[in-house]
Amino acid sequence: MTTAKTPRRAKKLPMKQRYSLLTRDLDWEPSYVEREELYPYTSYEGIKIHDWDGWEDPFRLTVDAYFKYQAEKDKRLYAVLDSFAQSQGHLSLSDASYLNAIKLFIQGVTPLEYQAHRHFAYLARYLEGPAPRFAALCQSVDELRHCQTQIHTISNYNKYYDWFHSFSQMHDRVWYLSVPKSLFDDAMTAGPFEFLISISFSFEYLLTNLLFVPFMSGASFNGDMPTMSFGFSAQSDESRHMTLGLEAIKFLLEQDEDNVPIIQEWVDKWFWRAYRMSALVAGMMDYMLPKPVMSWKEAFELYFEQQMLGGLFPDLEFYGIKPPRHVADAVAEKDKLSHEVYKILHNFSFAASFTTQTPTPEKMAWLSEQYGEAFDEFYAPTWEKHRRIEDEGGRVFFQGLPQLCQVCQVCQVPMAFTESDDPTKISFRTSEFKEETYHTCSDGCQWIFEREPEKYIQAWLPVHQILQGNCGGPTVPEVLDWYGVQEGDNGEYKGSRDHQSWLEWHGETTEKEA
Amino acid sequence: MAVKALYEYDYPAADRAEVFGDDQLVYVHWIGNPLFCSAAAVRVPKDMTWSAFVADVVTPWAQTDPDFDPSSITGWKLFDDDFAPADDASLTAAGVGHKSLVKFTVSN
């Protein structure tokens, strides 16, 4: 009797070989169309690539492996979300005012994850090499997952607190959110290589620790386990994204010497753009976390001065890349950045979708400890004045319409920054282009403006749009309605609905009732 | 340096003077008062007189600071230059154009 021979099972291929088969070997040379027609966007920026196969993808991830890892991480995250929700975890936060930091995150950062998802999908189609295309594809899926997990995580708070509603509408319309939005719009309307330097290198590599670690450690310190968990869940993706940023810059620099000056200008521009946006994080770190993690200054020294200026840039010098053009200005303002930015948020929170408060005496003591004389001399007296006015029943808000604030044409932050050598003198820079005047907040933003004025004159500056009548109407309530801001979302924290609920849940009474 | 693009890149400015018709934008900065995070941005008629601008626009804004006294204003600047317009001059006649920055100081 004969039995049919069992067909021999194909051996599982080693990872490197599988990766090669599933990515590079699926690439082909076009024969029906010219290469330029298939990849129309990779030459006009002036970048020269001689060998796309020189792009090494250090992760060699395949789609099946990718989905397996991500599914495991999602399972862990959603288990934490469930248990936090079931055990009323929100009651063990440090304070309800902590959630103002999370409002800033969902309105300012989460929509950027979605924008990144869109643009990496574009790169996954239009970059010429199979390795960078595949890396971009994975990152595109990552970014979508980050956007979704953030929404799922943070939406749990919406049952108990004001404000989660309308965050994506707010991202498109509200004045302070035009800071992150316009940065991404700027990057997405640049060419594919500039986008890689702007987002993958400057944003995800150079400043990522400054931008994300404060939020995630802040979450952990203040009892927000769900936010901390999505931070961890995203971390392994982020390390891949950082590696893509570093791989991109090294690849472009190695391909042709002519690329070096182009890349240098992009590093100069995007360091300053991303750094200016991080100012919002500085204000959040020092003023919005009831239990602070570390000061902005300390984080800047550790993550930027030591790790980037001390570690990365000496390596890049080999390729002819110098530290970013305006880096000295950033270093010079580390003592004052957070105070100047929180002042803006405090002046304007009547028109925001978060609440602010004059720093408590404990917070003042901490700020004084962190910043020493710089705080005591220049910022403490103004906060004392706010406290005095509030003790008399007032609250200083920058008056509503028709008066709004002057905003920088490039970074779109209100013009509150001061000269690097004089913290009492607002830094005004002015440029002329085609008989119109443009204002910028710093040498960095002025340099960026004058490099490409045709681009920045089109900026949708929120204040000017309100004054043009394009934002719902001429009064504050009309503008807030157009923003999607509802009563309880904005203004002063003390006495706000979130504050009152918090006191009630913890068996305390508000000062007014007491 | 111009924008690198695959096509001719020429678009109008979003806030060009013509968009505001008979009005214009002006920025007002109170030098040395950190209670206000930044200069104010206002939309005002080009033919508004200087005295009306000070009384009806600058003063109500500055009064956000309870210590403000209109008679304590000691001097004005237009951008970085000293500036002392006639009360009845229009903003245009005084040289305050679209997106001009006017600054003032007060005596303590």
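Proteins get letters first, then strands, A, B, ... in listed order; numbering begins at 1 in each. On a predicted model such as this, the values are computed, not experimentally measured, just so you know.
- Only the side chain of A/Phe428 comes within less than 4.5 Å of a heavy atom in chain B; its backbone stays farther off.
- In terms of heavy atoms, A/Leu467 sits closest to B/Val42 at CD1-C, 4.2 Å.
- By the neighbour-count criterion of 12 heavy atoms within 6.0 Å, atom CG of A/Asp258 is densely surrounded, having more than that number from other residues, nucleotides or ligands.
- Between the CG atom of B/Leu25 and the OG1 atom of A/Thr437 there is a distance of 11.0 Å, given to the nearest 0.5 Å.
- Among the candidates A/Thr382, A/Leu461, A/Val341, the residue making the largest number of heavy-atom pairs closer than 4.5 Å to chain B is A/Thr382.
- Using a 4.5 Å cut-off between heavy atoms, B/Val28 makes no contact with chain A at all.
- Taking NZ of A/Lys385 as the start and CG of B/Asp67 as the end, the distance is 4.0 Å to the nearest 0.5 Å.
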Q: Run the numbers on A/Ile262 and B/Lys4 for side chain to side chain contact (heavy atoms under 4.5 Å, CB included), then give the verdict.
A: CA-CA 12 Å; A/Ile262 304 177; B/Lys4 284 182 186 167; 4.3 Å; yes
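- In this structure, chain B has heavy atoms under 4.5 Å from both the backbone and the side chain of A/Ile344.
- Of all heavy-atom pairs spanning B/Ser38 and A/Cys405, the tightest one is OG-CB, 3.1 Å.
- Put simply, OH on B/Tyr27 and CG on A/Leu404 are 11.0 Å apart, with the number rounded to the nearest 0.5 Å.
- The aromatic rings of B/Phe79 and A/His439 lie parallel to each other, their planes meeting at an angle below 30°, with 60° marking the opposite boundary.
- Contacts between A/Phe378 and chain B at a heavy-atom distance below 4.5 Å are absent for every atom of the residue.
- Heavy-atom distances place no part of A/Leu345 under 4.5 Å from chain B, backbone and side chain included.
- For a residue to count as touching a neighbouring chain, one of its non-hydrogen atoms must lie under 4.5 Å from one of that chain's; by this rule A/Pro40 touches chain B with the backbone only.
- Contact annotation for A/Arg395: neither backbone nor side-chain heavy atoms come within less than 4.5 Å of a heavy atom of chain B.
- The CD atom of A/Gln468 sits 11.5 Å away from the CG atom of B/Asp23 when rounded to the nearest 0.5 Å.
- With a 4.5 angstrom heavy-atom cutoff, A/Thr189 does not touch chain B via any of its atoms.
- The shortest heavy-atom contact between B/Leu6 and A/Tyr44 is CG-CD2, 3.7 Å.
- For B/Asp65, the part lying near chain A is the side chain, with the backbone staying farther off; criterion is any non-hydrogen pair under 4.5 Å.
- In the displayed structure, A/Glu34 atom CD is contacted under 6.0 Å by at most 12 heavy atoms of other residues, nucleotides or ligands.
- Residue B/Asp22 qualifies as open at atom CG: its count of foreign heavy atoms under 6.0 Å is 12 or below.
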Q | Test side chain to side chain contact (heavy atoms under 4.5 Å, CB included) applied to B/Leu35 and A/Val396, step by step | A | CA-CA 8 Å; B/Leu35 202 66; A/Val396 174; 4.2 Å; yes
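- Only the side chain of A/Lys434 comes within less than 4.5 Å of a heavy atom in chain B; its backbone stays farther off.
- The CD1 atom of A/Ile426 sits 9.5 Å away from the NZ atom of B/Lys103 when rounded to the nearest 0.5 Å.
- With chain B as partner, the option from A/His464, A/Lys343, A/Gln465 having the largest number of non-hydrogen pairs under 4.5 angstrom is A/His464.
- Looking at B/Asp10, the atoms closer than 4.5 Å to chain A (heavy atoms on both sides) all sit in the side chain, from C-beta outward.
- What you find for A/Phe398 and B/Ala40 is that their closest heavy atoms are CZ-CA, 3.9 Å.
- In terms of non-hydrogen atom pairs under 4.5 Å with chain A, the most contact-rich of B/Ala5, B/Gly32, B/Gly97 is B/Ala5.
- In this structure, the portions of B/Pro34 lying under 4.5 Å from any heavy atom of chain A include both its backbone and its side chain.
- Heavy atoms closer than 4.5 Å to chain A are found in the side chain of B/Phe20, but not in its backbone.
- Smallest separation of non-hydrogen atoms from A/Gln458 and B/Pro12: CG-O, 4.0 Å.
- Scanning both residues, B/His98 and A/Glu436, for their nearest heavy atoms gives CD2-OE1, 3.4 Å.
- The side-chain tip of A/Lys455 does not point at the ring of B/Tyr9 from less than 6.0 angstrom away and within 45° of straight on.
- From A/Glu454, atom CD reaches atom CD of B/Glu8 across 11.0 Å, with rounding to the nearest 0.5 Å.
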